[in-house]
Amino acid sequence: MKQQYKIAAATREQTGRSASRRVRKENRVPAVLYGKHTQPETISVDGPEFIRLLKAIGGSSSLVEIERKDKPVALSFIQEVQRDPITDRFLHVDFQEVKADEKMEINVRVVAAGEAYGVKTQNGVLEMPNPYLRIRCLPKDLPSFIEVDVTNIKIGETLHVGALKTISGVEFRDDKNLPVFSCVAPVEEVASATSGGAAAAAPAAGAAAAPAAGAKPAAGAAAPAAAPAKK
Amino acid sequence: MALAPSRTKYRKVQKGSRKGNAKGGNTVAFGDYALQSLTRGNMTGRQIEAARVTISRHLKRKGKLWIRVFPHKPITKKPAEVRQGQGKGPVEYYVAVIKPGAVLFELAGVPATIAKEAFRLADAKLPFHCRFITREGANV
């Protein structure tokens with residue numbers, strides 16, 4: 001059984017924007033705990049404690065034990081964390097309760113193991129179109145990350161879900177043709193951006209300056225120029 | 001060449017509103033690192049191109065760059081020395097309306113230090129306060 005983390009939670013009586021704001025003002029994070037066999041419960045967790053928990057988890061998929069007053073410990077995982085995109089403040093957390101003896105579905109982060117051949121020798125870029133994969137497993141079989149060996153990927157090649165090594169007790173739920181890693185050639189800077197860019201900018205500037213110099217003559221000059229073009 | 005729509009449904013648009021924060025396109029979606037705007041304003045096609053050239057020159061053909069904004073909005077301007085009235089002026093250029101939180105560029109396939117410097121140089125070309133952000137769980 002992999003390491004389980006713990007966090008203390010308090011029951012949240014009131015819901016809604018105002019109540020949530022009051023909770024956040026007390027340096028706590030509003031949260032919800034739900035599961036297949038339980039009723040959803042609004043809770044709140046201590047802000048600094050939650051940050052410590054996230055740092056300890058470090059992006060991996062892990063199980064968290066939620067300790068509440070007068071209630072049994074709830075085994076869960078973090079389903080979603082909402083953050084303010086500008087201030088990075090934690091707004092809300094979703095915990096999904098699971099049973100130790102029941103299979104669950106969870107998104108697990110994909111990690112590249114090794115350096116791709118295309119990156120090392122062909123100056124390519126390793127792309128990860130889907131950083132998370134959906135898996136189904138028992139809580140005891142939950143992997144922290146899905147490590148994928150990318151050393152043999154060359155430029156133009158793609159590794160799909162179907163080609164991944166099987167992990168004991170873990171079932172991939174995504175489509176077999178879903179790309180996980182692909183190695184692509186770096187997009188070269190267009191030559192005109194360096195030399196032609198200045199040349200291209202010049203006519204644009206000229207075109208902008210023409211109407212500025214005199215509105216009516218420029219408009220008159222533009223009309224005959226445009227007329228033959230239509231033919 | 002500056003970015004501009006190839007075809008528009010309506011030639012000219014009203015000024016519109018820039019209030020509020022970016023509701024979408026405010027997270028790192030494609031790459032590992034991103035440049036996020038912290039203030040609001042218009043980003044012209046030329047500014048996008050200038051920032052793109054700056055980033056790609058600094059990367060020296062390494063990595064992959066995503067441009068997350070596109071100048072959809074036409075901006076008109078009356079010619080010089082023209083009296084007021086006689087209708088709205090011709091379209092001069094196109095802008096992307098940027099609100100706080102909008103992700104402007106994303107990068108992948110380069111070390112964080114190089115991405116940070118590339119974005120710092122690009123930021124100097126833009127009329128916004130920007131910050132460097134990373135994807136959650138990205139190896140920094």
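Chain naming here is simple, since letters A, B, ... match the order of the sequence lines and numbering starts at 1 in each.
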Stepwise, does the side chain to side chain contact (heavy atoms under 4.5 Å, CB included) test hold for A/V125 with B/K62? CA-CA 7 Å; A/V125 179; B/K62 284 175 189 162; over 6 Å; no
Side chain, backbone, both or neither: which part of A/P131 has an atom under 4.5 Å from a heavy atom of chain B? side chain
For A/E147, does the CD atom sit with more than 12 other heavy atoms under 6.0 Å from it, leaving out its own atoms? no
Taking atom OH of B/Y93 as the centre, does the number of heavy atoms from other residues, nucleotides or ligands within less than 6.0 Å exceed 12? no
Which atoms of A/I86 are under 4.5 Å from chain B, going by heavy atoms: the side chain, the backbone, both sets, or neither? both
Tell me if the NZ atom of A/K120 is crowded by more than 12 foreign heavy atoms within 6.0 Å. no
Would you mind telling me which of A/V119, A/D88, A/V184 has the largest number of heavy-atom pairs within less than 4.5 Å of chain B? A/D88
In this structure, CG of B/N26 is separated from CZ of A/R83 (nearest 0.5 Å) by 12.5 Å
Within the side chain of B/Q36, is there an N or O that forms a donor-acceptor pair under 3.5 Å with the backbone of A/P85? yes
Considering only heavy atoms and a distance below 4.5 Å, find which of B/P100, B/G109, B/A22 pairs most often with chain A. B/P100
To the nearest 0.5 Å, atom CZ of B/R135 lies from atom CZ of A/R109 at 5.5 Å
Provide the full list of side chain to side chain donor-acceptor pair (under 3.5 Å) pairs with a residue in residues 66-79 of chain B, sequence neighbours left out, each pair given once. B/R68-B/E106
